[in-house]
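Both counts, for ligands and for their atoms, begin at 1 and track the order of listing.
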Amino acid sequence: MTTKYIFVTGGVLSGVGKGITAASIGALLKARGYKVNIQKCDPYFNFDAGTLNPAEHGEVFVTKDGAETDLDLGHYERFLDIELTQSSSTMSGRIFRQVIEDERAGKYLGKTVQIIPHVTNAMQEAIAEAGKGFDVHIVEVGGTVGDYESTAFIEAIRQFRHQVGAKNTLSVHVVYLPYLTASAEVKSKPAQNAVRDLREAGIQPDILIARTDHPVPNGVLNKLSLFGDVAREAVIALPTVKTVYSVPVILEDAGVGRIVAEHFGLTKKKPNLKNWHNLELKVLSKNNKTVKIGLVAKYLDHQDTYASVIEAIKAACWAEDKKADIKWIDAESLTTKNVASKLKGLDGIVVPGGFGSRGVEGKIVAATHAFKRNIPYLGLCLGMQVACIAAARLSGLHDANSTEFDPKTTSPVIGLMEEQKTLTVIGGTMRLGNYECALEKKSKAAKLYGKTKIEERHRHRYEFSNDYEDALRSQGLTVVGRNPLTGLAEVVEASAKKYFIASQYHPEFNSRPMRPHPLFLGLIRSI
Ligand code: GLN
């Protein structure tokens, strides 16, 4: 079949769940047996998300082919249980760079280069390219319609719809209905205006998703239908719910899957949403035993900074019928003096990835504490590096460190590889994306994975120096996973402990709500 395209835009406010809506619609189509791809078009002028501050923008999600992307791709992968690629993340900066490179290469044959048609054409090409070979391709445009920056993407979509035909595209507009306490009313005017903005740009929405924190009277939805010229059945209230994993079922029950299928003339059978129902039951179960996991981190104000790590911990808990109680521990405040009291009562400790020296000593203290007190520990990237530093220090190498934090250390347990030492730019210079790892047969890690050959996603610059293997081993910490081509350490574990495993890669990116990652599962099972 020819590829069908769903464009998901937003109005009124950003951050009301456009990404979850897009991903959920994808899940409904996947449940009907269709091959679905999904893409985020971000109006930022950045080239990718690699240089964005995670405290402001949320985590940087990494695809298997090494793209540093917006965290929405994490939602997409978790909801659709697929592995996305570079083509699923399109930031304006990437499009503009390409257009400028083409201009320098003389490809425009002496013409003036303009937003329309050159930039909008490049955007359409990026969308068509990502959709190739799929039954349905979902495109979410970041921000809200009417933003200065998103204008080119919206125009690109309008033209795209014109080119491939209305029957092959569907527009979903996600709006927000504010609640006015003074009159105890849900108001529809901002949403009406948001629909008008989209129509002014030449796009008539086919489905309106009205996000709301309050019950919405029918009259409000009728108004949206009439003034937005959207079929009444396609105006759907999506309330704020306890878990985002309820959204696919809510949208299905509201008829979204059927409306989309009918619009595209898709004929496949009834959707199978049993796994979504099961997941919802597990997530909302009240009977589960609570496990307290300490997340020793630097950024504490923004839930999204460690989105994939948190989702991975939760997923492992759901699979084991447990409930995760995640405590955020401020790494900067941890010292050898207060660590016992600050980490008291925790069933397990996770040290996630990070860059720069802030809070690193606290993370080393946490790893040392977990190691000495036999508290289950899972280290992720920087979490492995600090575990290695902790063990090296315990072996007597008192100033063991990473050259990232102490360039003058006499025991550079973690350092740069020779070929990296001359690099001067920051963007795109890390070890990124999938690399192979061979696990030792007898290791706990291999048992958890159920195999010895794995591939996992990376995002780091520094490496463990194999010169310090003996120092680690003297403390009972061994390298049990290596890159088979380079010999670089990928996994370390202390087999005598209840659970002490750390990886140079980021297992959290491969965890799924219905298919938790083995290393997170191992952590939860050890508790
Ligand atoms: N800062 C460390 C490095 O670059 C760890 C990176 C990370 O945790 N993602 O190697």
Side-chain angles (χ1 to χ4, degrees), residues 48-55 57-64 66-69 71 74 295-299 304-310 312 331-332 349-364 366-367 377-390 392 400-407 409 412-435 437 456-466 468 479 481-483 486 488-492 501-511 517 519-520:
D48 62 29
T51 51
L52 291 177
N53 180 354
H57 194 77
E59 86 177 354
V60 176
F61 188 81
V62 181
T63 58
K64 66 175 177 183
E68 298 177 277
T69 75
L71 83 172
L295 187 69
V296 182
K298 170 165 77 167
Y299 302 115
D304 284 347
T305 313
Y306 303 102
S308 291
V309 177
I310 289 173
E332 271 188 288
I349 293 168
V350 174
V351 176
F355 294 84
S357 59
R358 188 157 72 83
V360 158
E361 279 304 315
K363 291 178 186 176
I364 297 170
Y377 177 92
L378 176 61
L380 313 168
C381 205
L382 178 63
M384 175 182 123
Q385 298 179 352
V386 295
C388 295
I389 295 167
N401 216 325
S402 163
T403 53
E404 181 181 5
F405 316 124
D406 178 8
T409 173
V413 176
I414 311 290
L416 289 177
M417 291 183 301
E418 276 312 311
E419 62 266 33
Q420 293 171 307
K421 289 183 179 162
T422 48
L423 286 174
T424 50
V425 287
I426 295 279
T429 56
M430 280 188 275
R431 199 147 80 102
L432 287 165
N434 268 14
Y435 283 90
C437 167
E456 293 274 10
R457 301 185 202 177
H458 294 68
R459 181 174 186 250
H460 64 109
R461 210 168 265 123
Y462 294 80
E463 306 284 353
F464 172 72
S465 157
N466 289 326
Y468 293 91
V479 178
R482 285 185 192 284
N483 181 311
T486 57
L488 290 171
E490 290 281 0
V491 186
V492 297
I501 298 189
S503 64
Q504 187 56 78
Y505 51 79
H506 289 272
E508 66 271 25
F509 296 141
N510 277 321
S511 167
H517 190 280
L519 294 188
F520 284 87

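- Proximity of H460 to ligand 1, defined as any heavy-atom pair under 4.0 Å, is shared by backbone and side chain alike.
- Within ligand 1, counting atoms from 1 as listed, the ones closer than 4.0 Å to a heavy atom of R461 are 3 (C), 4 (O), 10 (O).
- A salt bridge links E68 with R459: the distance from a Lys NZ or Arg NE/NH1/NH2 to an Asp or Glu carboxylate oxygen falls below 4.0 Å.
- The shortest N/O to N/O separation between Q385 and ligand 1 falls below 3.5 Å.
- Under the 4.0 Å criterion applied to side-chain N and carboxylate O atoms, E361 and K298 are not assigned as salt-bridge partners.
- For ligand 1, the polar-atom distance check finds no N/O of G353 at less than 3.5 Å from any of the ligand's N/O atoms.
- Contact between H506 and ligand 1 is present, with at least one heavy atom of the residue lying under 4.0 Å from the ligand.
- For atom 2 (C) of ligand 1, the nearest non-hydrogen atom of the protein is E404 OE1, 3.2 Å.
- The residue M430 has no part lying near ligand 1, judged by heavy-atom distances below 4.0 Å.
- Ring planes of H517 and F520: perpendicular class, angle over 60° (limits at 30 and 60°).
- N483 contributes atom CG, which lies 6.0 Å from atom CG of L488 (distance to the nearest 0.5 angstrom).
- Classification of R358 and E332 as a salt-bridged pair holds, one side-chain N sitting under 4.0 Å from a carboxylate O.
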